[in-house]
Colleague: 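Pasting a structure here, questions to come.
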Amino acid sequence: MPQTKVPTETVSSSSKENKVKASKGADAGKKGGAMLSKEDKKKGEPTPKKKRVENDTKVVQVKTKPSPSEVASNEHDQPKAKNNSELESKNVHSVNVETNVNSNNNNANSTEEKNEDETDIKVIVRARPLNQRELSLKSSSCLTLSETERKITMIRKDKENKTFYFDNVFGENSTQKQIYEASGAKVLERFILGYNACIFAYGQTSSGKTYTMEGIKGNEQQEGIMTRFVRDLFQYVTKQEKKIDITIKASYCEIYNEGINDLLSNGMGKHKYEIREDKIKGTYITNIIERPIESEKELNEILEEGSKHRTVAETKMNEMSSRSHAILTIHMEQIDKGDEEGFSLRTNKISLVDLAGSERASSTEATGDRLKEGAKINLSLSNLGNVINALVKGTSFVPYRSSCLTRLLKDSLGGNSYTLMISCISPAEVNAEESLSTLYFADRAKQIKNRLKISRGDPRLEKINELLENEKRLKARIEELEKKVAYCEKHHGTEEKKKGCCTIM
Ligand SMILES: Nc1ncnc2c1ncn2[C@@H]1O[C@H](COP(=O)(O)OP(=O)(O)OP(=O)(O)O)[C@@H](O)[C@H]1O
């Protein structure tokens, strides 16, 4: 019987596993509202959850590398968008979670489970409403979209319009709930079956990535994917309590200027964080705190603590612009109660990623530290674009090692993960070029094939299982032969022997 161990905060380099019994918790935030202005936020809303960096006015001449948008807009050989029925047919089937969890437990060796399932990266596009800045520039919307046809068209002056199809397309009136149902809820279905998963938000600065992933705390309607995912995950955990021991741990880090910060270290994180790869764990960060989680409330506290320490600063485009890529990772272990051999073990992780936004120095009017950050952000996003291009083209070398971000997302891009990308765009004509670039980026990403396999932790378990099966078979054969020998001995020299009872062995 698996033992319940005392929950302890761990770092990922530690081999010590802390098993805790997951329990119910409830800590829903409360929210409200459409596009929020600075004033709205000050009035209604709880304290901003990000750490602010004072605006640095010192001008430093930094030559920025081309942003992904600049790279993408120079590419004319973009692949054609696939239609949705084609995409749908490749989707992993929708599943009844309860049924499949149990059947997986009972058939740990089934052929189906050993096979890898190939699946495309799923892509959702979300266009936010026009914001105050865009309205004051008298910029109108340059997008038309059809949520039912999952189609979005960019209307371009003096140029051919561009139409794209994605797994889902959402316009300015879309609610946080709708976005979650099309993204987080679907990913959760796979996650609890034991698949690795990833949701990442990509897009230009101020396009709504943090709003989509984190949402606005204290307003139920505006909760983001992370909060909703955590609530639904714990609903599942609570339902499974009688049948399955579940252990959950979480870490929260940011990649800032190509360095890693542990957002849960309370500023004490003076460790050297390195990205490593492991056959069992996949990609992980050494020394990062992995906190055992027993309730929804505890996981929400992590979300809050992490967002409080995240690096943000004001730019011309966004008063609370994320200057880093933030990654919340939730690890889950599930094992049937009473399963002494541990063959029902499923161990997997999900990464919820809020990327920093691509930005043009001319739009953000950044100087000093902001400019340097912007250059690093663009560089890592450009590296991400290169990885996606290499995966789509099927080149033998994929430049994962070119940045922290691509190294950390290696499992999620072209690896063993059910991955969903949310591309956030501004509808404004003034941002048309950046939005088009995001759409091209998303269009390429959806062509990446990942290979899904339920993660059972130690692959040696499979071998042990096979050996135990062999042992069972051999024991049965020995028993059978012993019976026959006994029969022969008993009837030795009798008529029965003549019938050949001794030759049947
Ligand atoms: N769909 C939306 N509906 C209402 N308000 C939104 C929506 N999307 C974004 N906003 C608002 O727009 C502003 C900018 O959004 P957000 O900070 O999420 O952008 P971002 O893409 O994360 O930017 P950055 O990359 O600079 O961090 C915020 O005030 C946010 O509340």
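Both counts, for ligands and for their atoms, begin at 1 and track the order of listing.
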Colleague: Measure centre to centre between the rings of Y202 and F441, then say whether the value is under 6.0 Å.
Modeller: yes

Colleague: Less than 3.5 Å between some nitrogen or oxygen of K209 and one of ligand 1, yes or no?
Modeller: yes

Colleague: Are I248 and H331 packed together at the side-chain level, in the sense that at least one heavy-atom pair is separated by less than 4.5 angstrom?
Modeller: no

Colleague: Is any side-chain heavy atom of F166 closer than 4.5 Å to one of I152?
Modeller: yes

Colleague: May I ask you to check if ligand 1 and T212 share an N or O to N or O distance below 3.5 Å?
Modeller: no

Colleague: C424: heavy atom below 4.0 Å from ligand 1, yes or no?
Modeller: no

Colleague: Rounded at 0.5 Å granularity, tell me how far OG1 in T144 sits from CE in M154.
Modeller: 10.0 Å

Colleague: Does an N or O from G357, backbone or side chain, lie closer than 3.5 Å to an N or O of ligand 1?
Modeller: yes

Colleague: Does the ring of Y418 carry R190 above it, NZ/CZ under 6.0 angstrom from centre and within 45° of its axis?
Modeller: yes

Colleague: Could you say whether the N/O atoms of G208 and ligand 1 ever approach to under 3.5 Å?
Modeller: yes

Colleague: Students often mix this up, so state it plainly: with edges at 30° and 60°, are the rings of F164 and Y440 parallel, tilted or perpendicular?
Modeller: perpendicular

Colleague: Looking at ligand 1, is there an atom of it that comes within less than 4.0 Å of some heavy atom belonging to G203?
Modeller: no

Colleague: Between Y211, Y202, F170, flag the one that comes closest to atom 1 (N) of ligand 1 by a heavy atom.
Modeller: Y211

Colleague: Side chains of E172 and R128: closer than 4.5 Å at any heavy-atom pair?
Modeller: no

Colleague: Any heavy atom of E319 closer to ligand 1 than 4.0 angstrom?
Modeller: no

Colleague: In this structure, does ligand 1 have an atom that sits under 4.0 Å from one of the heavy atoms of R323?
Modeller: no

